[in-house]
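Contents: one structure, followed by commentary.
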Amino acid sequence: MSNITNEGLILACSAIGAGLAMIAGVGPGIGQGNAAGQGAAAVGRNPGARGTIMSTMLLGQAVAETTGLYGLVIALILLFANPLLGKL
C-alpha cells in the first residue's frame, strides 16, 4: 500500500464513483420503456386520445431522463474536472 500516491488514490476512487454514478441510467431506461409500453397500450384502447396520451407520455419521459443526465454530469465531472485533486 505504500506505493500508492494520494493522487493515484483520488483518481481511482473518482473512477469508481463515476462508474457508480452511471448506474443512475438504469432507472430511467426501465421507466421510459414502461411508459412507452403503457402509452402504446392506451392508444390501442382509445385511438381518439392519441395526442393527449402521447404528450403526457413524452413529458413524463423527459422528467424521468433528468435522473440519468444528472448521473452522467457527475460522472463527467469526476473523470475530467475532478475537483478533489485540487484539495491535495
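Nothing fancy with the numbering, it's 1 onward along the sequence.
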Distance col, row Leu9:CG vs Leu84:CG, nearest 0.5 angstrom, shows 10.5 Å

- request: Taking the side chain as every heavy atom from C-beta outward, state whether Val73 and Leu76 have any atom pair closer than 4.5 Å.
  value: no

Minimal heavy-atom distance between Ala24 and Gly71, with the atoms involved, is CB-CA, 4.2 Å

Looking only at heavy atoms, the pair that brings Gly68 and Pro28 closest together is N-CG, 3.6 Å

Between Leu78 and Ala18 the two heavy atoms that sit nearest each other are CD1-N, 3.7 Å

Transitive ILVMFWY side-chain link Leu79 to Leu11, under 4.5 Å = no

Rounded to the nearest 0.5 Å, the CG atom of Leu72 sits from the CD atom of Glu65 at a distance of 9.5 Å

Residue set satisfying side-chain hydrogen bond (donor to acceptor under 3.5 Å, both in side chains) with Asn82, at least two apart, ordered chain then number -> Ser14

Hydrophobic cluster membership, Met22 vs Phe80, 4.5 Å side-chain cutoff
yes

Interatomic distance, OG1@Thr5 vs CD1@Ile10, rounded to 0.5 Å, equals 9.0 Å

Query raised in the report: Would you find a donor on one side and an acceptor on the other, under 3.5 Å apart, between the side chain of Thr66 and the backbone of Val63?
Result: yes

In short, Ala35 meets Gln61 closest at the heavy-atom pair CB-NE2, 4.0 Å

